[in-house]
2 protein chains.
Amino acid sequence: MAKQAISTPVIRRLPRYYRFLGDLEREHVERISSRELAQRMGFSASQIRQDFNCFGGFGQQGYGYHVKELREMIGKILGVQEHTGVILIGAGNLGKAIAAHVDFEKRGCKLIGIFDNNPLIQGTSTANLPIMPMESLQTFCELHCPQVAVLCIPKDAAQQLADQLIALGINGFWNFSHFDLRINNPDVIVENVHLGDSLMTLAYCMHRNEVETL
Amino acid sequence: MAKQAISTPVIRRLPRYYRFLGDLEREHVERISSRELAQRMGFSASQIRQDFNCFGGFGQQGYGYHVKELREMIGKILGVQEHTGVILIGAGNLGKAIAAHVDFEKRGCKLIGIFDNNPLIQGTSTANLPIMPMESLQTFCELHCPQVAVLCIPKDAAQQLADQLIALGINGFWNFSHFDLRINNPDVIVENVHLGDSLMTLAYCMHRNEVETL
DNA sequence: TAGATTGTTAATCGATTAACAATC
DNA sequence: TAGATTGTTAATCGATTAACAATC
């Protein structure tokens with residue numbers, strides 16, 4: 001369908017389209033023009049049409065886009081109907097919150113295992129899953145073949161653990177450790193999330209006027 | 001110091017520079033060239049020199065950059081020495097994790113109040129702060145004048161609460177609700193964080209090959 | 001049919017990369 | 001001084017915006 005590789009900016013906008021189209025569907029809007037959607041999302045109409053046309057024509061001249069149909073198409077592109085196996089490593093504050101708060105299933109993923117090396121919390125449950133000891137990791141992976149690992153572990157443990165997980169068949173990382181994972185293997189996908197960086201960007205913008213008149 | 005407004009891509013790279021320079025400092029590296037830093041960070045040397053020169057010359061020809069000095073300069077630009085007052089609204093899983101996990105003080109911020117409308121958790125503590133009822137919000141803001149609000153609340157509550165907070169003097173939002181805050185007022189800074197979008201991007205990349213050969 | 005709105009090409013804008021003179 | 005590496009200008013690349021013919 002797609003003629004050439006989709007650029008990163010386009011990919012990063014897809015989930016946002018998906019979300020907004022979901023809102024529209026909930027509001028029982030049947031059709032929408034690129035102009036209206038643009039206004040709602042703060043994009044330009046041109047950009048929206050360009051983006052959608054990366055994947056083929058979803059619209060109809062003179063009419064616009066059919067909301068439900070378009071949302072389904074984008075959902076399919078994003079793979080929301082998949083069931084990619086996900087494990088989470090590190091059930092501290094953040095790990096537990098992500099396990100409980102993120103709706104993996106709506107995003108084509110399924111959280112199937114949680115691991116932590118702290119014996120005090122092993123055996124307790126989060127998000128209806130028992131927290132398992134790290135020693136069980138290998139057996140678990142061999143049995144259930146998860147593809148994605150969520151890393152909620154300290155900075156220093158990240159690189160080594162990532163290598164270990166790749167050996168166990170993991171080829172996607174959602175990395176919340178304060179460490180920029182970089183994997184040579186092009187088949188391994190890494191999504192680094194740096195909450196601290198996000199806060200610093202906000203903090204910079206808050207006092208930017210002072211900075212720029214130094 | 002800066003001649004013109006700094007572009008967003010540059011700003012978003014600053015926290016990353018700051019982090020990597022911190023690592024170098026910990027490794028007792030005194031000087032580094034743009035070429036070496038580039039290699040380490042996965043940037044180009046050109047880009048690094050361009051970025052730093054947005055703020056004036058931090059380096060020395062023939063020598064490179066002094067790590068400690070450079071890090072301090074970037075820290076100053078990012079405002080890590082500030083004490084911007086921050087409140088957090090919504091002490092569910094995610095709210096508590098952010099309160100406990102994010103080191104606000106290292107980023108020029110100070111978490112000074114946590115609020116939730118659930119009476120069952122009011123009075124309990126997270127990150128050494130008591131969880132206060134929403135009714136106390138106004139008085140608290142009048143007394144302590146926080147500038148930033150972290151929103152860890154459901155989608156539907158976000159817009160209304162944001163408006164209320166702006167009226168109480170808040171002019172920065174770190175928004176984790178599944179709602180794209182858009183504020184007309186240019187003096188109000190919004191940093192939307194969409195964990196779900198991040199996961200979907202990862203999920204897309206995991207099965208992209210299938211998509212592109214549809 | 002006429003009006004509206006897409007799909008798509010061309011023009012613009014901005015960010016990244018390359019190149020090199022300045023200089024430590 | 002000679003070598004190294006910056007600061008900065010020019011060239012390239014890619015993404016966004018504008019324009020308009022195609023068409024529902």
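Proteins come first, then strands; the chains are lettered A, B, ... in the order of their sequence lines, and each starts at number 1.
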B:Ser34 vs D:dT6: side-chain N/O to OP1/OP2 distance below 4.0 Å:
yes
Taken to the nearest whole Å, CD1/A:Ile6 to P/D:dG14 is 15 Å
note: B:Gln61, atom CD; C:dC24, atom P; distance rounded to Å ~ 6 Å
CD of A:Glu142 to CG of A:Leu137, rounded to nearest 0.5 Å, is 10.0 Å
When rounded to whole Å, the CZ to C1' distance for the pair B:Phe58 and C:dT23 reads 19 Å
Establish, yes or no, whether the cationic atom of B:Arg31 lies under 6.0 Å from the six-membered ring centre of B:Tyr65 and within 45° of the ring axis. no
When rounded to whole Å, the CD to C1' distance for the pair B:Glu30 and D:dT5 reads 18 Å
Testing C:dG7, D:dT17, D:dT6 for proximity to the side chain of B:Arg49, the answer is D:dT6
B:Ile48 atom CD1 is separated from D:dT6 atom P, nearest whole Å, by 9 Å
Testing C:dG7, D:dT6, D:dA15 for proximity to the side chain of A:Pro9, the answer is D:dA15
The answer to which of A:Ser46 and A:Gly62 contacts DNA chain C further toward the 5' end, by nearest nucleotide, is A:Gly62
For the residue pair A:Phe52 and A:Phe58, categorise the inter-ring angle as parallel (less than 30°), tilted (30 to 60°) or perpendicular (more than 60°). tilted
Among C:dA18, C:dT5, D:dT17, the one nearest any side-chain atom of A:Ser44 is D:dT17
Rounded to whole Å, OH of A:Tyr63 lies from P of C:dG7 at a distance of 13 Å
For C:dT16, does OP1 or OP2 lie under 4.0 Å from any side-chain N or O of B:Gln47?
yes
Identify whether any heavy atom of A:Phe52 sits under 4.0 Å from a base atom; if not, whether one sits that close to sugar-phosphate; answer base, sugar-phosphate or nothing. nothing
Side-chain atoms of B:Arg35 come closest, of C:dG7, D:dT5, C:dA15, to D:dT5
* To do: Give me the ring orientation class for B:His66 and B:Tyr63: parallel if the planes are under 30° apart, tilted from 30 to 60°, perpendicular past 60°.
  => parallel
**Message:** Does a side-chain N or O of A:Arg12 approach OP1 or OP2 of D:dA15 to a distance below 4.0 Å, or not?
**Reply:** no
Which of B:Lys155, B:His194, B:Gln159 passes side chain to side chain donor-acceptor pair (under 3.5 Å) with B:Asp180? It is B:His194
Ranking B:Gln60 and A:Asp51 by the position along DNA chain D of their nearest nucleotide, the one closer to 5' is B:Gln60
Scanning all shown strands, the Watson-Crick or wobble mate of D:dT8 with both distances under 3.5 Å is C:dA19
Open item on the list: Can you tell me if B:Tyr65 touches the phosphate of D:dA4, counting only side-chain N or O atoms and a distance under 4.0 Å to OP1 or OP2?
Closed with: no
Nearest-nucleotide check on DNA chain D, B:Ser33 vs B:Gln50; residue mapping nearer the 5' end is B:Ser33
Taking D:dT5, C:dT6, D:dC24 as options, the one with an atom nearest any side-chain atom of B:Arg31 is D:dT5
